[in-house]
Amino acid sequence: MSALPIGMYVPGNSILHRLDPRVKMGATLVLMMIPFAVHGLWGYVALSTFVVTAVLLSGVPLGALLRTLRTVFWIAFLMFFLYLFTTPGEPLLALGSIAITRQGLLAAVAQIYRLCLLVTVASLLTFTTSPIHLTHGLEAMLSPLERARLPVRELAMVLTIALRFVPTLQEEIDKIAKAQRARGADFRTGGPLRRARNLVPIFVPIFVSAFRRADELATAMDARGFRSALHRTRMRKLRLGSLDLLATLIVMGLVLTVIWLG
Amino acid sequence: MRPFIEIENLKYVYPSFIPPHAGGQRGGGGQIVALRGVNLTIEQGEFVALIGPNGSGKSTLARHLNALLLPTAGAVWIDGLRTSDAHNVWAVRQKVGMVFQNPDNQIVATTVEEDVAFGPENMGLPADEIRHRVDDALAAVGLLDYRQYPPQMLSGGQKQLVAIAGALAARPSCIVFDEPTSMLDPVGRRQVLDTIRRLNAEEGITVLLITHSMSEAAMAQRVLVMEAGRMVMDGPPAIVFERGARLRALGLDLPPIVDIAQRLQAWGLPLPQGVLTVQDMVDALC
Ligand SMILES: Nc1ncnc2c1ncn2[C@@H]1O[C@H](COP(=O)(O)OP(=O)(O)OP(=O)(O)O)[C@@H](O)[C@H]1O
Ligand SMILES: [Mg+2]
């Protein structure tokens, strides 16, 4: 359904679901950077074991994960051949003027691995963290920047509202597209210019309705006493538990192991 | 004691923006005069319906009740607080909640309970108190089991109940409903109307229900009729519906059952006055 290389929240009660969003976001960042510190086989084994265990623990359907991986297939494909053919080194196989080198093969595989890891780890975060927790975690992590006058709470509010309206707008786009198709509109054939032009009858009504929605939403928020985010309190408080401490230690352990293994 | 809502000679002129729908009463200089001197009092606990043709000023009047709009002339008092005093705005918005027509465009959060918490969070209440109010409000509309649901998984009627819970969580004395059922299917309409009636009867919440449906208006104790920015009728439904010809001239049809009763009376059938529901009719005939 979503065309993004990250997943939509899958409700559940796994260990990963129960972790504090701040811990999960921190761990995600670490896991996205860690592959660059890995060079030897054992480092990859340790990292892979960790990620596979996390995927299994999350209880996220593997099919859903594979679907998000599929969205980066063409990028991975391109990257693979780019690295394969352009890395100089000791040749394995020569096809006329281009040669596949040992270094090229290793670099290509490593790149694919990093990309898949990136997507998997990011999806794991979005699969196991509800939009509220995600924005709440982001808000908490960015809150030091409030001193630098960054309107963090307002930004979190905007993000929440955006997430709230994604499915609504998606539904509306589908509805209008169907209505236009029923009148003979064609969104599939013709050159890119023609196709882009055919999308106009979908996006014009969407924009018009989005502005009306925004206006009504603003009125409804006023009616519910919304003023600046500085007056607000929150129902949900983030609290770190023993599970969060354990997870943090494990991730730190992983980092040390990988660095030690080289 | 003063009435809960007091409106004195209220006039409102929209600055000359493009109106959302045609049919405006244009004054000089392209301005739109939406309210032309409305006087009204509503007591705590009343159930009042407000009807009138499109563009007659119903929504504009409603928006004066919680200081979303401030009078161009005249005054509005809510529980003795004048809405045009800047320091009364937040108290007034706490006392009068609002539920609008489109359920999709008034839900701000990605789950039911977070959305209901929005009002109390704006009031700056402590977390425990917010949680308590959210649970109470969800229980009052029968949605406790749906607290974790994302709004897009609810029916239109349920979304509108979320909006009602959102208003309730601020613990208001009054809720203004601006055509809350006009985008709903019959099931959703029933759910919402039953909830409104129950909140009025059991929780003593003052209700102002703006509607285009005469059958909904018949639920109220008192019906107000607006035309072109003025209040033209005010009375119990039975009395207001007696003036069928006048209502029809405003483009308002009687509820079918009232219409039938009046036709039968015109034919000489000795029906009592004030038949408003099918049940009344059954009682009168059998
Ligand atoms: N934001 C606005 N800017 C300018 N004019 C407006 C605005 N909103 C409403 N009006 C005008 O004010 C008048 C009263 O409108 P209002 O929305 O109060 O009517 P209503 O009785 O609620 O109608 P409906 O039954 O269609 O909801 C109309 O003439 C309308 O065109
Ligand atoms: Mg209106």
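All chains are named by letter (A, B, ...) in the order of the sequence lines, taking the proteins before the strands, and each is independently numbered beginning at 1. Quick caveat, the model's predicted, so the values are computed rather than measured.
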**Asked** Distance from A:M221 atom CE to B:N105 atom CG, nearest 0.5 Å?
**Response** 12.5 Å

**Message:** Taking the side chain as everything from C-beta on, heavy atoms only, tell me whether A:I132 gets closer than 4.5 Å to B:Q148.
**Reply:** no

**Asked** Any side-chain heavy atom of A:R224 sitting closer than 4.5 Å to one from B:M123?
**Response** no

**Asked** Which answer fits B:E129, side chain, backbone, both or neither, if we ask what part of it has an atom under 4.5 Å from a heavy atom of chain A?
**Response** neither

**Which portion of B:D115 sits near chain A, non-hydrogen atoms under 4.5 angstrom** = both

**Fill in**
If you tally heavy-atom pairs under 4.5 Å between each of B:I107, B:N66, B:N102 and chain A, the highest tally belongs to B:I107

**Asked** Does the side chain of B:E114 come within less than 4.5 Å of A:R236's, by heavy atoms?
**Response** yes

**Request:** Of all the heavy-atom pairs spanning A:T219 and B:L68, show the shortest one and how long it is.
**Result:** CG2-CD1, 3.7 Å

**Request:** Determine the minimum heavy-atom distance between A:D222 and B:R93, stating which atoms define it.
**Result:** O-CD, 3.2 Å

**Request:** Please determine if A:R164 and B:D104 form a salt bridge, counting it only when a charged side-chain N lies under 4.0 Å from a carboxylate O.
**Result:** yes

**Asked** Side chains of A:R227 and B:V89: does their closest heavy-atom pair fall under 4.5 Å?
**Response** no

**Message:** Test your reading of the model: is there a side-chain donor-acceptor pair from B:E121 to the backbone of A:M235, 3.5 Å cut-off?
**Reply:** yes

**Asked** Picking from B:E113, B:R131, B:R133, which has the most non-hydrogen pairs under 4.5 angstrom with chain A?
**Response** B:R131

**Item:** Neighbour count above 12 (heavy atom, 6.0 Å) for A:R70 CZ
**Value:** no

**Asked** Can you say whether B:R63 sits under 4.5 Å from chain A via the side chain, the backbone, both, or neither, judging by heavy atoms?
**Response** side chain

**Prompt:** For atom CZ of A:F50, is the number of surrounding heavy atoms from other residues, nucleotides or ligands below 6.0 Å larger than 12?
**Reply:** yes

**Asked** Measuring heavy-atom distances to chain B, does A:T168 have an atom under 4.5 Å in its side chain, in its backbone, in both, or in neither?
**Response** side chain

**Request:** Would you check if the side chain of A:T233 reaches a backbone N or O of B:L125 as a donor-acceptor pair within less than 3.5 Å?
**Result:** yes

**Prompt:** chain A heavy atoms under 4.5 Å from B:F118: which part of the residue, side chain, backbone, both or neither?
**Reply:** both

**Top contributor to chain A interface from B:A170, B:A117, B:G119, B:A109 [non-hydrogen pairs under 4.5 Å]** = B:A109

**Message:** Looking at B:Y146, I'd like to know if its OH atom is crowded, meaning that more than 12 non-hydrogen atoms belonging to other residues, nucleotides or ligands lie closer than 6.0 Å.
**Reply:** no

**Asked** With chain A, which of B:P126, B:G166, B:A67 has the greatest number of heavy-atom pairs at distances under 4.5 Å?
**Response** B:G166

**Asked** Say you draw a straight line from CG of A:L217 to CD of B:Q106; how long is it, rounded to the nearest 0.5 Å?
**Response** 9.0 Å

**Item:** Proximal component of B:V134, with respect to chain A [non-hydrogen, under 4.5 Å]
**Value:** side chain

